[in-house]
Participant: 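I have a structure here, written as structure tokens, and I will follow up with some questions on it.
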There are 2 protein chains.
Amino acid sequence: MQRKATALDVAKRAGVSRSAVSLVLNGRGDGNVAKESQDRIRQAAAELNYSPNPIALSLRNQRTRVIGIVSDEVVTSPFDGNIIGGADDVARSRGFVTVVMDTELDASRDASAVETLLDRQVDGLMYVTVGLKPLDVPQGMLRVPSVLANCIDNAPVPRLHHVIPDEVSGGREATHHLLGLGHRDIAFLAGAQTSPAAPLRVQGFRAAFEGAGLPVRADRVFLAGWDIDTGFNGAMKLLDGVSPAERPTAIMCANDRLAVGVVLAAARLGLSVPRDLSIMGYDDEFRIANTMVPALTTMALPLREMGAAAMTRLLDQVEGAGNSDGDTLETMVPCRLVVRESTGPVPSGAPN
Amino acid sequence: MQRKATALDVAKRAGVSRSAVSLVLNGRGDGNVAKESQDRIRQAAAELNYSPNPIALSLRNQRTRVIGIVSDEVVTSPFDGNIIGGADDVARSRGFVTVVMDTELDASRDASAVETLLDRQVDGLMYVTVGLKPLDVPQGMLRVPSVLANCIDNAPVPRLHHVIPDEVSGGREATHHLLGLGHRDIAFLAGAQTSPAAPLRVQGFRAAFEGAGLPVRADRVFLAGWDIDTGFNGAMKLLDGVSPAERPTAIMCANDRLAVGVVLAAARLGLSVPRDLSIMGYDDEFRIANTMVPALTTMALPLREMGAAAMTRLLDQVEGAGNSDGDTLETMVPCRLVVRESTGPVPSGAPN
DNA sequence: TTGAAAGCGTTACCAG
DNA sequence: CTGGTAACGCTTTCAA
């Protein structure tokens, strides 16, 4: 491979000096370089397929146009990859490159990942987690513009802006959907206490009942974990051997995997979904919710939007866009109800 | 933040020249720099918490110790992230940093991702795909040491080494497991033609039958796609309204999601798994196969091993380790049978 | 309007 | 054994 053309090559070919090349190609030609030279320079650059060496640029400018993305396990786990997708869209459209490092849930690697990135002079940092959670922010993130996506600064007084889904209103709207279908006895398999998302979604659940002026059947809320088997077990407890009159007519799940378990339990028990039982998921997990049988009604997490919002915020900071609302510390992105086939009207025989 | 210490700072503090610092810190001090100076230099470096600036290093050495990983959708999709995990493990352990770029299935972004990475002088490139597939290798990858993981150079005469799972033997061993349990009528929901993995797994299926001297019931092989709903529909076709004698006693699936659909169908039909029907998955998808009810017996893809093998190979090349088998173009990594609860002995009443 | 030179932080070569 | 100097590729300031 022949070596890449440098600014010097372009200068020689155009018969000018390196500085002229630099000025022209950076748009500061007018008033400094003769029109005619400018044309020759541009042509020479095109002919040589010249583009400046980013490394030399970084060294010179102390800016790299690279944004470091650190994640707990977004790359290696099946979840939430679209946050990075959304962030990367924005970064690319603004001429930045993102580099992703995954620490695979090993908190001790957080600091070193950040230091590595900082060493390489990234212009900004973003931390992304799988599932909403508090984050012990690595010290290094405070030394450059930084933002959190799907996680919250765990310090006594938070320092970094975070972009998170609006879990409370997500839980509320999901419940609202079921109430609208006439359901009154709704059980909630609420995930595990390990993520703050669980209690927030429950809070929305309660709010919806209160908002409708209905009694809150809070005894219907169970912590169940996040996986298929726990959904299955939870549903069996609610349904197996229970008379139709005593059964909840709908089960809300804190994620789609729990919902898969519930559907499985219903099938096992000969209950038809949604005729005998409505089931709601949460997350709108790609190729789970939409391909399930029946396809799951669910509350979609705004992953791409979150990533995009976080990156936009970050780049505004990096480029010193002097965004006036640089002082708010939180962006909440609404979840989106996706109605499919697992929810339907309350069975006619159900008790009011 | 105070600026980071440079080699010059260290030199001043130790009362020597920059060159001395460079030599000592790179282990070439002996025979060049006085023992005593060496000590002072090392101490000064420690006191200032000095580490060389990677950017300057890159500019100077034309090597960055960065490996670029390009993927079609490993980051943003739920699948195969552990290939990157395994690759990154190896890279870090050898002092390299990986940067990941995901093109989200937009082939037109492949070339530009590679060019961006090349511009930034990565020392090597790795392309990773979700699911085994042929790859139109971006031109740029031929200009630096490169390797393919989970994909195969689609050129008439392949140029890049690839690391792939041994799908044929995976299919064979999976079938072997079922044959060992006494099953003779085994149906195979074989995924979609879009991935070469499907026909290879089928090939293994056939090989197992032949190896056992049994008639190949090749009419039992169906293309079904890769998702829950297609698994469900496929299973319904095989099972619904079919007399026990005519039913297959086991269904092998080309991935775990299909298997979920099959389990669902079985539940719907009142069939007990594995008592009435054995079900095999493929992939050992994290938090699907192991949390399914019943937990799925499956053929695990060696994702981490593949990533590790590919990166090892690549770094050997980058570091010019003169690895003598640099001429083989293929590494096959065996899949691993994981026996859980969805497979069991053939029902006693089943026809021979 | 142009070109020369300094500097970003490093390493390697070569006199001393 | 040591330290000065050039070079990596670029931008920017300053003098001509």
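Naming convention: chains lettered A, B, ... in sequence-line order (proteins, then strands); numbering from 1 in each chain. Side chains included, hydrogens not; waters and symmetry mates left out as well; all remaining heavy atoms used.
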Participant: Using modelled atom types and a 3.5 Å cut-off, is there a donor and acceptor pairing between side-chain atoms of A:D72 and backbone atoms of A:L105?
Facilitator: no
Participant: Give the rounded distance in Å between these two atoms: CG of A:N53 and P of C:dC8.
Facilitator: 18 Å
Participant: Students often get this wrong, so: under 4.0 angstrom with heavy atoms, is B:L59 touching a base, only sugar-phosphate, or nothing?
Facilitator: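 Base contact.
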Participant: Out of A:V74, A:N150, A:T129, which residue meets the side chain to side chain contact (heavy atoms under 4.5 Å, CB included) rule with A:I83?
Facilitator: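 Answer after filtering A:V74, A:N150, A:T129: A:N150.
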Participant: Write down the distance between CG (B:L25) and P (C:dG9), rounded to a whole number of angstrom.
Facilitator: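 From B:L25 CG to C:dG9 P: 16 Å.
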Participant: Find which nucleotide of DNA chain D each of A:A20 and B:K35 is nearest to by heavy atoms, and output the residue with the more 5' nucleotide.
Facilitator: B:K35
Participant: Of the options D:dG3, C:dT10, C:dT2, whose atoms approach the side-chain atoms of B:A56 most closely?
Facilitator: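 Of D:dG3, C:dT10, C:dT2, C:dT10 is nearest to the side chain of B:A56.
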Participant: Just checking, any donor-acceptor pair under 3.5 angstrom between side chains of B:H162 and B:E330?
Facilitator: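 Yes, side-chain donor-acceptor contact under 3.5 Å.
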Participant: Which one, D:dC10, D:dT2, C:dT10, comes nearest to the side chain of A:P52?
Facilitator: D:dC10
Participant: Give a yes or no on whether a donor-acceptor pair under 3.5 Å exists between the nucleobase atoms of C:dA4, that is its base, and the side chain of A:S19.
Facilitator: yes
Participant: At under 4.0 Å between heavy atoms, what does B:R28 touch on the DNA or RNA strands: base, sugar-phosphate, or nothing?
Facilitator: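 Answer is sugar-phosphate: B:R28 comes under 4.0 Å of backbone atoms only.
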Participant: Starting at atom CG of B:L23, determine the distance to atom C1' of C:dC13, rounded to an integer number of angstrom.
Facilitator: 11 Å
Participant: Starting at atom CG of B:N26, determine the distance to atom P of C:dG9, rounded to an integer number of angstrom.
Facilitator: 17 Å
Participant: From CZ of B:R18 over to C1' of C:dC14, roughly how many Å is that when rounded to an integer?
Facilitator: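 Result: 16 Å.
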Participant: Is the shortest distance from a Lys or Arg side-chain nitrogen in A:R304 or B:E104 to a carboxylate oxygen in the other one below 4.0 Å?
Facilitator: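 Between B:E104 and A:R304 there is a salt bridge, with a charged N closer than 4.0 Å to a carboxylate O.
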Participant: Take A:V16 and A:Q121, find for each the nucleotide of DNA chain C with the closest heavy atom, and name the residue whose nucleotide sits nearer the 5' end.
Facilitator: A:V16
Participant: Between A:E47 and A:R40, does any NZ, NE, NH1 or NH2 come within less than 4.0 Å of an OD or OE carboxylate oxygen?
Facilitator: no
Participant: For C:dG9, does OP1 or OP2 lie under 4.0 Å from any side-chain N or O of A:Q62?
Facilitator: yes
Participant: Could you check whether B:A7 gets within reach of a base, just the sugar-phosphate, or nothing at all, counting any heavy atom under 4.0 Å?
Facilitator: sugar-phosphate
Participant: Take atom CZ of B:R65 and atom P of C:dT10, then tell me their distance rounded to the nearest Å.
Facilitator: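 Checked: the CZ to P distance equals 17 Å.
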Participant: Assign A:S37 to base, sugar-phosphate, or nothing according to its heavy-atom contacts below 4.0 angstrom with the strands shown.
Facilitator: sugar-phosphate
Participant: I need the CG-P distance between B:L57 and C:dG9, as an integer number of Å.
Facilitator: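 Result: 13 Å.
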Participant: Using a heavy-atom cut-off of 4.0 Å across all strands, would you classify B:N32 as base, sugar-phosphate, or nothing?
Facilitator: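 Base, at least one base atom sits under 4.0 Å.
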Participant: Do B:R60 and D:dA7 share a donor-acceptor pair, side chain to base, under 3.5 Å?
Facilitator: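 Such a pair is found, so the answer is yes.
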Participant: Can you check the A:R63 CZ to D:dG9 C1' distance for me, whole Å?
Facilitator: 17 Å
